[in-house]
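Structure first, commentary second.
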There are 2 protein chains.
Amino acid sequence: MRTDSRLSRMLHALIHMDRLGGKATSEQLAAMLATNPVVVRRTMAGLRRDGLVASEPGQGGGWALARRLDDITLMDIYRALDEPTLFAIGQSQDHPECLVEQAVNGALEGTLSQARDLISARFAAVTLGDLSRDFDDRFAAGRGS
Amino acid sequence: MRTDSRLSRMLHALIHMDRLGGKATSEQLAAMLATNPVVVRRTMAGLRRDGLVASEPGQGGGWALARRLDDITLMDIYRALDEPTLFAIGQSQDHPECLVEQAVNGALEGTLSQARDLISARFAAVTLGDLSRDFDDRFAAGRGS
DNA sequence: CGATTCCGCAACTGATCTTGTTACGATTGT
DNA sequence: ACAATCGTAACAAGATCAGTTGCGGAATCG
């Protein structure tokens, strides 16, 4: 099954924006993400709606970070993307009234629910600032070797 | 994103098989799962390969459980389906050499890896026998009310 | 033996989803 | 005016997966 890389891509884009002084055009971001400017606008729309970034039309316009990286968690981005489905496996809905199916679905849902809680907690705890500093570490390590 | 319900369906099918005396034809299973006999054979092929079920051609043939439900874990089924992708979100592979992308992917992968471990542990701990008894409880509860 | 009931497998179809693309309008700054 | 940008809708291309068809082989029953 195909995995949704929008979360990863948006993290990537915002950190790069920060390093470019907090601003970038759709064109620039599209080049970074190896995609199309329209796809960037589409994906960033949710982030704008949630006040994580702002966009300005016209010459000299583009996208700008609306918060510091330390004030944006992975969960903020996840929500801004309308909370995409986390799991690629799921319940069957063939016969919701079948008690066997209910037992099966209950067991699966319980497990996935625990996993979801774990992921949510991590997403809420990690900020883009953390990732940016992680990058700094990698950069320093790369230079040192 | 569309979720893969094969795991749920196979659990459902095997528990029903057990209650039908451990045997069923593809036709019968297809009816239970609201699908096509060919789809059933396709999906069950992995379970047969792993020795969870056996199939017999010809009149009076069909599928038979090759182990007791207490000796089949959810992980056994998961493996028999060739370990389908668990998560619907994932890393981007746009620029694997980009250190920002590495930092982002590292953080995501770490989180998903923890979640994967949690799910694996649960899958390994739960048997079809457990689910079947869960069904019994539901049945008893349904009658009581 | 012949008919029937099964599974095995390959190939094709169809629906759905996602991404990429094109096009056009609106807005801003020079 | 003109060029640079975003906003959005509509369309195209591609991948994926479930479903379907068709045919062959095996087992059973008479």
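Just so it is clear, the structure is predicted and the values come from calculations on it, not from any experiment. In what follows, chains are A, B, ... by sequence order, proteins preceding strands, each numbered from 1.
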**Request:** Run the salt-bridge test on R122(A) and D117(A) with the 4.0 Å N-O cut-off and return the result as yes or no.
**Result:** no
**Item:** All pairs passing ring pair (Phe, Tyr, Trp, His ring centres under 6.0 Å) where residues 27-68 of chain B contributes a residue, at least two apart
**Value:** none
**Prompt:** Taking 4.0 angstrom as the limit, do R133(A) and D130(A) come out as a salt bridge?
**Reply:** yes
**Request:** Send over the distance from L29(B) CG to dC6(C) P, rounded to a whole Å.
**Result:** 12 Å
**Message:** Any carboxylate oxygen within less than 4.0 angstrom of a Lys/Arg side-chain nitrogen, looking at R116(A) and E109(A)?
**Reply:** yes
**Message:** Looking at R49(B) and D82(B), is there a salt bridge between them, counting it only when a charged N and a carboxylate O are closer than 4.0 Å?
**Reply:** yes
**Prompt:** Is Q114(A) atom CD crowded by more than 12 heavy atoms from other residues, nucleotides or ligands, each under 6.0 Å away?
**Reply:** yes
**Asked** What nucleotide, of dT19(C), dT8(D), dC9(C), holds the atom closest to the side chain of R42(A)?
**Response** dT19(C)
**Prompt:** Any ion pair linking R68(B) and D18(B) (charged N to carboxylate O, less than 4.0 Å)?
**Reply:** no
Restricting both atoms to N or O, compile the protein contacts to nucleotides 27-30 of chain D shorter than 3.5 Å, with distance only.
unit_1: dT28(D); atom_1: O2; unit_2: Q59(B); atom_2: OE1; d: 2.9
unit_1: dC29(D); atom_1: O4'; unit_2: Q59(B); atom_2: OE1; d: 3.2

**Request:** Strictly below 4.0 Å, heavy-atom distances to any atom of DNA chain D: list the hits from residues 9-28 of chain A, or just say none.
**Result:** T25(A), S26(A)
**Request:** Please check the phosphate of dG19(D) (OP1 and OP2 only) for any side-chain N or O of T35(B) closer than 4.0 Å.
**Result:** yes
**Message:** Distance check needed: dC7(C) P versus N36(B) CG, whole Å only.
**Reply:** 12 Å
**Prompt:** When the distance from CZ of R41(B) to C1' of dC9(C) is rounded to whole Å, what number comes out?
**Reply:** 10 Å
**Rounded interatomic separation in angstrom, taking CZ from R6(A) and P from dC17(C)** = 14 Å
**Message:** Determine whether a donor-acceptor pair (N or O, by modelled atom type, separation under 3.5 Å) exists between the side chain of S92(A) and the backbone of R9(B).
**Reply:** no
**Asked** Of the candidate nucleotides dT8(D), dG20(C), dC9(C), which contains the atom at the shortest distance from the side chain of V38(B)?
**Response** dC9(C)
**Message:** Can you measure D4(B) atom CG to dT16(D) atom P for me and round it to whole angstrom units?
**Reply:** 14 Å
**Asked** Can a side chain N or O of R2(A) be found less than 4.0 Å away from OP1 or OP2 on dA15(D)?
**Response** no
**Salt-bridge present (D4(B), R6(B); N to O < 4.0 Å)** = yes
